[in-house]
Trainee: 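Below: one structure in structure tokens.
Values below: every heavy atom of this structure, side chains too, minus hydrogens, waters and symmetry copies.
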Amino acid sequence: MPPAAPTAGAEAGGGRPPGRYRYAGLVLVALAIAIAALFAIPIGARRTIARAITGAAVHRGLSARWAALEVRFPSRVVLSRLRLTDAEHGSLVFRAESLSVAIDPLSILLLHPRPSRIELLHAFARRARRRAADPDTLAPAEDSPHHEHSPKVRRTAEALIRALLAPARRLPRVELRDVELAAGGDGEEPGASVQIEWLDLTPSRDGVALSGAGRVATERAVPFSFDARYGNDDRVQGGARIGIFDAVTGGYDPLRLIFEGKLIQNRRAGTVEIAGPARLQVGRLPILVTASFATRGPRLELAIECDSLTPERVVASLPAPLLGPLPRAGVTGAWDYRLGFRLDVSQPDSVDFHADVIPHGLELDPQRSRLNLLTLDQPFIAEIHLPRGRLATRELSEANPHYRPLEAIDSILVHAVLTNEDGGFFKHGGFNPEAVKGAIAANVRAGAYRRGAGTITMQLARNLYLGHERTLSRKAQEVVLAWILEHLTYVTKRRLLEIYLNVIEWGPGVHGANEAARYYFGRDAGRVTVDQALFLATVIPAPTKWRYRFDATGALRPFERAQMHFIGRAMVKKGWLEAQDLPAAESLRVEITGPAREMLLPETKAAPDTSAT
């Protein structure tokens, strides 16, 4: 008789380097136990199971330890104080106070062991360490190696679709208690985590029920609870409640969701379809959803329809923190909304996206509007929202010596900013679907966030009304306000651009084109050189980091010259710059002669250029 496996612990390490596992620990151990449970009846079961678990761990580049391993009659395996660590780096990937897997005895007799119940108590799982982020060089996209798509994105999409194809109605009973799923790997900045207080998956003759509660831990915890049923007739019914923190009241406002529809799995074809269309009720807002997912490609399609929306229904359905300043806009009337999205990950450039607002008598009510939307075509004092909650004010009138009408700003500078920030500004209505498609394709190819799709109108809404908080709700508010600015204020495109060029941040305490030209070059915004205009355009996305574009001697770094030349070439293509007026990249030169020089080169003093003021 072979001796039983020691209960003090077992350990394994080495093997091939860890792959891009995420929360693989729980799945790995559960499957290893399920397979090994075929041998749970013999007296040597514990050693067999221990070898199966440690072998599976080695295969994944992990090291496994536990305090006790018990085999209970008739076919239940219990691991106490289980730990899985990265064998190469020693970082914790998974730990659990208790993991219990029960095997259906009949399945053992049929030589197809199948878990009938999984219990996980007081557990923690962390995503594996990611590779270091690419350096922020601002190199032009066309100078980077071209890929049809990112293998990482493709693997992630395939994994998500395979998860949707899982035979949910044939899964074992699952109970989770006090389980945390963390995003950051060892040594990374802490990110969001999901803390599951409890989760129950309960199969029955009619299908399967799933319910649970927990919270998403970010800067502010977001509590949630949900309850759903997936019937044998493919119907899915369920609801969720999400708590949205309200800084004004100090409490949480509930966001209530109800879903009803059909989820059709075709495992042979590798497709999942949300058919019907399904109905998603967000408060009092009915949204019709159809979607399909296919492992081949993989491909994703989504369509959303929402009719007869009114400001009153929106305000009654969504918590105040999600709406921000939108209720103060004073919009009246109704509208319908349509969104369509289609992507084949293997062919990112084939992406299709459209989002349409169909207005029905939409207008701004001067008596109800509490935002400065109806007088933007007149002189006004702008309250500018900056990152980290900072505010600045600028008077947009002749009383401000730095205010410049659009025609008083050098056209080369205007077109350089347009090219870098929003080349389609004069063609879109505040939101640019073509830019969204381009951004999706570029990011899928890169496998990371490389390009955004914000417009100048969206940036203006952010600066005048919203601030720079990085949340989905704030981004949605930005899109809505940009649409209002373009369609309901009757302010011309040229005036919107003029306001933008007079309020945006261009450096520490520097707002607007003329303040920027004076700060960096000691000259008026109406008299800048091509090199200076191209430089100023590159500063806008990160105005507080402008010094990193220069080396210790005050010369432009190569990546900055490359970015400036990239913008210049785009201007030539658009007919906004003569080819002979664009210097070669290595010939681009910028000398900081204004007050910024003291910050760039503290040992020198500013030498304002008075030759072109």
Trainee: Can you confirm whether more than 12 heavy atoms, excluding those of Ile258, are under 6.0 Å from its CD1 atom?
Mentor: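 Open.
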
Trainee: Return a table of donor-acceptor pairs under 3.5 angstrom between the side chains of residues 221-232 and protein atoms on other chains or two or more places apart.
Mentor:
unit_1, atom_1, unit_2, atom_2, d
Asp227, OD1, Arg229, NH1, 3.4
Tyr230, OH, Leu263, O, 2.9
Asn232, ND2, Arg205, O, 2.5
Asn232, ND2, Asp206, O, 3.4

Trainee: Tell me the closest heavy-atom pair linking Leu120 and Val179, and the distance in Å.
Mentor: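 Taking Leu120 first and Val179 second, the nearest heavy atoms are CD2-CG2, 3.9 Å.
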
Trainee: Look only at the side chain of Asn443 and the backbone of Arg451, and say whether a donor-acceptor pair between them is shorter than 3.5 Å.
Mentor: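 Side chain of Asn443 to backbone of Arg451, a donor-acceptor pair under 3.5 Å: yes, one is there.
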
Trainee: Taking everything shown except Arg296 itself, do over 12 heavy atoms lie less than 6.0 Å from its CZ?
Mentor: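 No.
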
Trainee: Take Ser346 and Asp344, measure what side chain to side chain donor-acceptor pair (under 3.5 Å) needs, and give me the verdict at the end.
Mentor: CA-CA 5 Å; Ser346 64; Asp344 184 331; 2.6 Å; yes

Trainee: Just wondering, do Arg313 and Thr310 contact through their side chains at under 4.5 Å, heavy atoms?
Mentor: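 Yes, at least one pair of side-chain atoms sits under 4.5 Å.
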
Trainee: Calculate, to the nearest 0.5 Å, the distance between atoms CG and CZ belonging to Leu160 and Arg162 respectively.
Mentor: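 The distance works out to 9.5 Å.
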
Trainee: What heavy-atom pair brings Ala482 and Met458 nearest, and what distance separates the two atoms?
Mentor: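 Closest approach of Ala482 to Met458, heavy atoms only: CB-CG, 3.6 Å.
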
Trainee: Val444 versus Val345: any side-chain heavy-atom pair under 4.5 Å?
Mentor: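 In short, these two side chains touch, coming nearer than 4.5 Å.
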
Trainee: Where is the tightest heavy-atom contact between Gly447 and Val153, given as atom of each residue plus distance?
Mentor: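 Taking Gly447 first and Val153 second, the nearest heavy atoms are CA-CG2, 3.5 Å.
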
Trainee: Can you check salt bridge (charged side-chain N to carboxylate O under 4.0 Å, His left out) on Arg155 and Glu158, steps first, answer last?
Mentor: CA-CA 5 Å; Arg155 288 194 301 267; Glu158 289 175 342; over 6 Å; no

Trainee: Step by step, work out the side chain to side chain contact (heavy atoms under 4.5 Å, CB included) result for Arg177 and His122.
Mentor: CA-CA 6 Å; Arg177 298 292 184 272; His122 311 299; 5.7 Å; no

Trainee: So, Glu469 side chain and Arg474 main chain: donor-acceptor pair closer than 3.5 Å or not?
Mentor: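 A pair under 3.5 Å: no.
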
Trainee: State plainly whether the residues Glu301 and Arg299 are in salt-bridge range, i.e. N to O under 4.0 Å.
Mentor: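 Looking at Glu301 and Arg299, the cut-off is not met.
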
Trainee: Kindly determine whether Asp307 and Arg338 satisfy salt bridge (charged side-chain N to carboxylate O under 4.0 Å, His left out), including the steps that lead there.
Mentor: CA-CA 9 Å; Asp307 291 339; Arg338 301 286 184 273; 2.7 Å; yes

Trainee: I need the His360 NE2 to Ser308 OG distance, nearest 0.5 Å.
Mentor: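 Going from NE2 on His360 over to OG on Ser308, the span is 7.0 Å.
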
Trainee: Quick check: do Phe245 and Pro319 have side-chain heavy atoms less than 4.5 Å from each other?
Mentor: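 No. Closest side-chain heavy atoms not under 4.5 Å.
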
Trainee: Assess the residue pair Val208 and Leu171 against the criterion (side chain to side chain contact (heavy atoms under 4.5 Å, CB included)); give the C-alpha distance rounded to whole Å, side-chain angles, the decisive distance to 0.1 Å, and a yes or no.
Mentor: CA-CA 8 Å; Val208 62; Leu171 291 175; 5.9 Å; no

Trainee: Are there over 12 heavy-atom neighbours, none belonging to Arg169, within less than 6.0 Å of that residue's CZ?
Mentor: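 More than 12 within 6.0 Å, yes.
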
Trainee: Heavy-atom distance under 4.5 Å between the side chains of Asp178 and Ile196, does that happen here?
Mentor: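 Side chain of Asp178 against side chain of Ile196, heavy atoms only: no contact under 4.5 Å found.
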
Trainee: Give a yes or no answer on whether the side chain of Ser317 reaches the backbone of Val314 with a donor-acceptor pair at less than 3.5 Å.
Mentor: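 A pair under 3.5 Å: no.
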
Trainee: Under the 3.5 angstrom rule, does the side chain of Gln265 hit a backbone N or O of Leu164 as a donor-acceptor pair?
Mentor: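 Indeed, once roles are kept as given, a pair shorter than 3.5 Å links the two residues.
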
Trainee: Going from CD on Glu97 to OG on Ser80, what distance comes out if it is rounded to the nearest 0.5 angstrom?
Mentor: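 Answer rounded to 0.5 Å: 7.5 Å.
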
Trainee: Supply the atom-to-atom distance Lys475 NZ to Ser473 OG, rounded to the nearest 0.5 angstrom.
Mentor: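 Result: 11.5 Å between the selected atoms.
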
Trainee: Consider only side-chain N and O atoms of Arg76 and Ser100, and report whether a donor and an acceptor are under 3.5 Å apart.
Mentor: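 Judged by distance alone, the side chains do pair up.
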
Trainee: Run the numbers on Asp253 and Leu322 for side chain to side chain contact (heavy atoms under 4.5 Å, CB included), then give the verdict.
Mentor: CA-CA 10 Å; Asp253 290 345; Leu322 296 184; over 6 Å; no

Trainee: What is the distance from atom CD1 of Ile161 to atom OG of Ser292, rounded to the nearest 0.5 Å?
Mentor: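 Rounded to the nearest 0.5 Å, the CD1-OG separation comes to 9.0 Å.
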
Trainee: Specify the closest pair of heavy atoms between Pro359 and Trp335, including all atoms of both residues, with the distance to one decimal.
Mentor: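 In this case the closest contact between Pro359 and Trp335 is CA-CB, 4.1 Å.
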
Trainee: Between Ser75 and Ile103 (side chain of the first, backbone of the second, donor and acceptor by atom type, cut-off under 3.5 Å), is there such a pair?
Mentor: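 Yes, because the side chain of Ser75 sits within donor-acceptor range (under 3.5 Å) of the backbone of Ile103.
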
Trainee: Run the side chain to side chain contact (heavy atoms under 4.5 Å, CB included) test on Arg126 and Val93 for me, step by step, so that the C-alpha distance in whole Å, both residues' side-chain angles and the decisive distance to 0.1 Å come before the verdict.
Mentor: CA-CA 5 Å; Arg126 172 184 286 149; Val93 175; 5.8 Å; no

Trainee: Is a donor on one side and an acceptor on the other found under 3.5 Å between the side chain of Asn432 and the backbone of His428?
Mentor: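 It does not hold such a pair.
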
Trainee: Can you tell me if Arg342 uses its side chain to pair, donor with acceptor, with the backbone of Phe353 under 3.5 Å?
Mentor: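 Absent.
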
Trainee: Just by modelled atom types, is the Gly55 backbone N or O under 3.5 Å from a matching donor or acceptor in the His59 side chain?
Mentor: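 Side chain of His59 to backbone of Gly55: no pair is present.
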
Trainee: Measuring only between side-chain heavy atoms, which start at C-beta, is Thr54 closer than 4.5 Å to Trp66?
Mentor: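 Yes. Closest side-chain heavy atoms under 4.5 Å.
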
Trainee: Is there a donor-acceptor contact under 3.5 Å from the side chain of Thr85 to the main chain of Ala87?
Mentor: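 No, because the side chain of Thr85 does not come within donor-acceptor range (under 3.5 Å) of the backbone of Ala87.
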
Trainee: Kindly list each side-chain donor-acceptor pair under 3.5 angstrom involving residues 268-290, sequence neighbours excluded, with atom names and distances?
Mentor:
unit_1, atom_1, unit_2, atom_2, d
Arg279, NE, Gln281, OE1, 3.4
Arg279, NH2, Gln281, OE1, 3.1
Gln281, NE2, Gly283, O, 3.3

Trainee: Using the salt bridge (charged side-chain N to carboxylate O under 4.0 Å, His left out) rule, take Lys262 and Asp234 through it: C-alpha gap first, then chi angles, then the decisive distance, then the call.
Mentor: CA-CA 5 Å; Lys262 275 198 168 186; Asp234 292 331; 5.5 Å; no

Trainee: With rounding to the nearest 0.5 Å, note down the distance linking CD in Glu305 to CG in Asp336.
Mentor: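 Those atoms lie 9.5 Å apart.
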
Trainee: Return the minimal non-hydrogen interatomic distance between Ala439 and Gly452, and the atom names on each side.
Mentor: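 For Ala439 versus Gly452, the nearest heavy atoms are CB-O, 3.8 Å.
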
Trainee: Which heavy-atom pair separates Arg368 from Val331 by the least distance, and what is that distance?
Mentor: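 Residues Arg368 and Val331, closest heavy atoms: NH2-O, 4.2 Å.
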
Trainee: So do Phe341 and Val436 actually touch side chain to side chain, heavy atoms under 4.5 Å?
Mentor: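 Heavy-atom side-chain distance check fails, nothing below 4.5 Å.
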
Trainee: How about Glu175 and Ile118: do any of their side-chain heavy atoms sit closer than 4.5 Å?
Mentor: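 A side-chain contact under 4.5 Å is absent here.
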
Trainee: Between Gln477 and Val480, is there a side-chain heavy-atom distance shorter than 4.5 Å?
Mentor: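 Result no, sub-4.5 Å side-chain heavy-atom pair not found.
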
